[in-house]
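All values below were derived from every heavy atom in this structure, side-chain atoms included, with hydrogens, water molecules and symmetry-related copies excluded. Numbered from 1 within each chain, the chains take letters A, B, ... in sequence-line order.
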Amino acid sequence: MKGENLAVTKLNDTLKNSIKSLGVEDVSGFEFEKPRNEGHGDRASSAAMKLAKTLRQKPSDIAKKISENLQSEYIDKIEIAGAGFVNVFLNKKFYADVIEDALKQGDSYGSVNIGNHKKVQVEFVSANPTGPLHIGHGRGAALGDSVARILKFTGWDVQREYYVNDSGLQIETLGRSTRARYFEILGRGEDAPFPDNGYKGDYLYDIAREIINLEGEKFLEMPEKESLEFFKKYAAEKIMGEIKDDLEKFRVSFDNFFPEGYLHENNLVYSAMEDLKARGYAYEQDGALWFKTEDTIGDDKDRVLIRANGVPTYFAADIAYHRNKFITRGFERVIDVWGADHHGYIARVKAAIKAMGKNPDDFDVLLIQLVNLIRDGVNVNMSTRAGEFITLSEVMDEAGIDATRFFLLMRKSDSKIDFDMDLAKKQGNENPVYYVQYAHARVCGLTREYEKNGAKLSSESIPEEIFNEREARELANMIAFFPDEIKAASAGLAPHVITAYAMSLAGAFHSFYNSGRIIDAPDAAGRVRLSQAAAGIVRKCLELVGVNAPERM
RNA sequence: GCGCUUGUAGCUCAGUGGAUAGAGCGACGGCCUCCGGAGCCGUAGGUCAGGAGUUCGACUCUCCUUAAGCGCACCA
């Protein structure tokens, strides 16, 4: 199968065939695992214990039968141990074949087909255009972008979307905050007091000054009602432009920016509500329209969709938005990246998706926890509204884009991150991103050195003798498991699987490198090719998390 | 009060029912006449928050207790 390692597949097939010969019909879940302990062989299977109940036989008997039927060119020795583990010791041909296949597949090694070209949308960042992106948005950006890359690599048809919240109260507040700064700069602050929940960041002074340069003082005499539209629109568009610039700098791209206003302008909120009513999920009471969350998800109370004053809630707009995703645009799967403070909202949106006749299981929400920025060992607290924050742009400038992305993807998304600025800036082995990149650059250096003398690598096969060395076997083992890591990362929507694997792979390579000579060894060609197989996968891992793989450092 | 998430080495965290629980940082001790030392090797460090259950087997699943964070609007 595409992306899988041929040698690994062949080895697993011998296990499946052996189990099949015991009369088990579905053997798809049985594959060799990597045992933790070296004494337990190179691969192990716990199939005998799992089958004991259905086959009504003792695990040790089953293990014996499995081992007797294991026929493989790769197996040196089989042992039965513990409660019924089948432990397998592999020969050198296995490792040589693993590397040959990985090299042969090149850039598509690991590209296992999970998505089958199904349409999936990843919606992420979607920060309101009320201020610059900060490191928390950066985490959402890095996560969504990397998830999209991983899904694409594993056969999904991916669309990346940013939902622009361009209407509603927050934009209202933004407009009023901007207008207040405009008046303040022109010495008329008392005529336009700063709103209670206004945005206090300095960036609104800059925007107000721009407006003065462009439009002069004409808004001073205009009633708020008339001028506010201009301030809202100007500030939001300006900030949105800066957000886009930051995202581009952060190597994050979108296929579509979807404005909330589109839903209202096209009456999509109205039609979504009509549909809910028709399907019996919404009802009118006390002048408002309600969604039956109490019955559908056991909520404490039903939730309002359309207020008594006729204005739809955010929830109503969100239902219309997801209806547009699933029904109008036909996405078969939708993934949203949200801040963890919205977790209580997931059940409601899932209920709405069910109410529109779609399967809530096709909707995933990735929650991202806070990022604690640590500088000089102390926390830097942040708040957009209070205007106290370090922007994503500043972090990128200080720590570098590669380190920022890698650090934000080292942890699983729903756990907090302590982002240590001082560590991110270090250029040494304490810094994981350099450690991984260095493995790649080192192989590039080796290749340059090797080819300097006119040596060619192209099609020479890898001598099995290389794998007498433990370090070479372990490196090959890491390479053999790459497709499994990709599967785990894709199925779990978990880029941190990739960063963790990349660190282990880089470690295995550095150990191999330090265990002996490479380009002036007798079997140099094979050693360089093994190194290149490792470097190719390091490069792929870095690509999947959006980090550069430099050839020189 | 109800709900969601999280408690794993000094610190930050991996570990989707398998054998003796791992990594990075920090600490300590080694390795450059040599392809890139931005590297390697080793040592110390654990009541997997606590308790009960499920089973051949539990860090992993269930329940209870406890601690922290968050959520429970006709806000977004």
Side-chain angles (χ1 to χ4, degrees), chain A residues 33 35-37 39-40 44-46 48-50 52-53 58-59 81-85 87 128 165 168-171 173 197 260 286-290 297-301 303-318 339-347 367 369-370 372 374 377 410-412 414-420 423 426-435 437-439 441-450 452 471 488 491-492 494 496-497 499-501 503-504 506-507 509-521 524 527-528 531 552-553:
Chain A
E33 299 156 31
R36 215 171 268 152
N37 191 309
H40 296 149
S45 169
S46 58
M49 276 102 79
K50 291 186 174 120
K53 195 165 277 178
K58 284 197 293 190
F85 289 96
N87 294 338
N128 295 343
N165 203 277
L169 194 67
Q170 298 200 18
I171 297 297
T173 306
N197 289 319
E260 185 193 345
D286 303 329
L289 185 70
W290 301 73
I297 52 172
D299 214 344
D300 322 346
K301 52 174 280 193
R303 303 290 164 176
V304 169
L305 294 164
I306 309 286
R307 302 178 181 99
N309 64 9
V311 179
T313 60
Y314 182 86
F315 184 33
D318 233 14
D341 53 340
H342 289 76
H343 65 72
Y345 194 61
I346 297 174
L367 294 179
Q369 285 285 356
L370 294 178
N372 278 324
I374 294 177
M410 279 197 309
R411 308 273 177 255
K412 63 181 176 198
D414 57 5
S415 69
K416 283 182 305 178
I417 290 183
D418 283 340
F419 191 104
D420 188 336
L423 179 60
K426 272 188 200 164
Q427 307 213 338
N429 58 352
E430 315 95 311
N431 187 338
V433 65
Y434 285 97
Y435 182 79
Q437 288 180 317
Y438 183 53
R442 211 172 204 184
V443 175
C444 292
L446 278 175
T447 306
R448 280 193 299 271
E449 191 70 20
Y450 184 76
K452 211 155 64 179
E471 287 82 0
H496 79 274
V497 170
T499 48
Y501 170 78
M503 287 188 267
S504 301
F509 170 72
H510 288 310
S511 295
F512 169 67
Y513 177 91
N514 275 76
S515 69
R517 309 293 297 167
I518 293 183
I519 62 176
D520 44 15
R527 288 171 182 274
V528 174
S531 303
R552 287 186 167 85
M553 290 172 74

Practice item. Tell me what Gly339(A) touches on the nucleic acid: a base, only sugar-phosphate, or nothing, going by heavy atoms under 4.0 Å. Key: nothing

Revision key, fill the gap. When rounded to whole Å, the CD1 to C1' distance for the pair Ile346(A) and C72(B) reads 14 Å

Practice item. Rounded to whole angstrom, note down the P distance from C11(B) over to G30(B). Key: 27 Å

Exercise for review: Would you mind reporting whether Asn165(A) and Tyr314(A) have side-chain heavy atoms less than 4.5 Å apart?
Suggested key: yes

Study note, to complete from the structure: Syn within 90° of 0, anti beyond: C64(B) is anti

Check your understanding: Is the base of C70(B) touched by the side chain of His343(A) through a donor-acceptor pair closer than 3.5 angstrom?
Key -> yes

Exercise for review: May I ask you to verify whether the side chain of Arg442(A) and the base of C35(B) hold a donor-acceptor pair under 3.5 Å?
Suggested key: no

Check your understanding: Looking only at heavy atoms, what is the nearest atom pair of Gly84(A) and Ala48(A), with distance?
Key -> O-CB, 3.4 Å

Check your understanding: Just checking Ile519(A): base, sugar-phosphate only, or nothing, at a heavy-atom cut-off of under 4.0 Å?
Key -> base

Exercise for review: May I ask you to say what Arg448(A) touches in the nucleic acid, namely base, sugar-phosphate or nothing, with a heavy-atom cut-off under 4.0 Å?
Suggested key: base

Check your understanding: If you measure from the P atom in A9(B) to the same atom in G71(B), how many Å do you get, rounded?
Key -> 27 Å

Revision key, fill the gap. The residue, Asn37(A) or Ala288(A), whose nearest nucleotide of RNA chain B is more 5′ is Asn37(A)

Exercise for review: State whether Phe509(A) and Arg442(A) meet the cation-pi test: NZ (Lys) or CZ (Arg) under 6.0 Å from the six-membered ring centroid, and within 45° of the perpendicular axis.
Suggested key: no

Exercise for review: For U62(B) and C72(B), measure between their C1' atoms and round to the nearest Å.
Suggested key: 25 Å

Practice item. Take atom CG of Asn514(A) and atom C1' of C41(B), then tell me their distance rounded to the nearest Å. Key: 9 Å

Exercise for review: Measure from CZ on Arg411(A) to C1' on C13(B) and round the result to the nearest Å.
Suggested key: 4 Å

Review point. Contact class for Ala500(A) (heavy atom, under 4.0 Å): base, sugar-phosphate, or nothing?
Key: nothing

Exercise for review: Drop me the distance from Leu446(A)'s CG to Cys444(A)'s SG, to the nearest 0.5 angstrom.
Suggested key: 9.0 Å

Check your understanding: Could you state the NZ-C1' distance from Lys301(A) to C2(B), rounded to the nearest angstrom?
Key -> 14 Å

Review point. Using the ring of each side chain (for Trp, its six-membered ring), is Tyr438(A) parallel, tilted or perpendicular to His510(A), with breaks at 30° and 60°?
Key: parallel

Point to revise | Integer-rounded Å distance: C74(B) P and Trp290(A) CH2 | key: 6 Å

**Study point:** C1' atoms of A23(B) and C63(B), separation to the nearest Å
**Key:** 33 Å

Review point. Taking atom C1' in both G45(B) and A52(B), what distance in whole Å separates the two?
Key: 30 Å

Check your understanding: Rounding to a whole Å, what distance do you find between His40(A):NE2 and U20(B):C1'?
Key -> 8 Å

Check your understanding: Whole Å only: how far is the CG atom of Asn197(A) from the C1' atom of A73(B)?
Key -> 15 Å

Exercise for review: Using the closest heavy atom to pick a nucleotide of RNA chain B for each, name whichever of Leu370(A) or Ala308(A) lands nearer the 5' end.
Suggested key: Leu370(A)

Exercise for review: Rounded off to whole Å, could you give me the CG-to-P distance for the Asp418(A) and A14(B) pair?
Suggested key: 12 Å

Point to revise | Validation row: Met503(A), Met410(A) side chains within 4.5 angstrom (heavy atoms) | key: yes

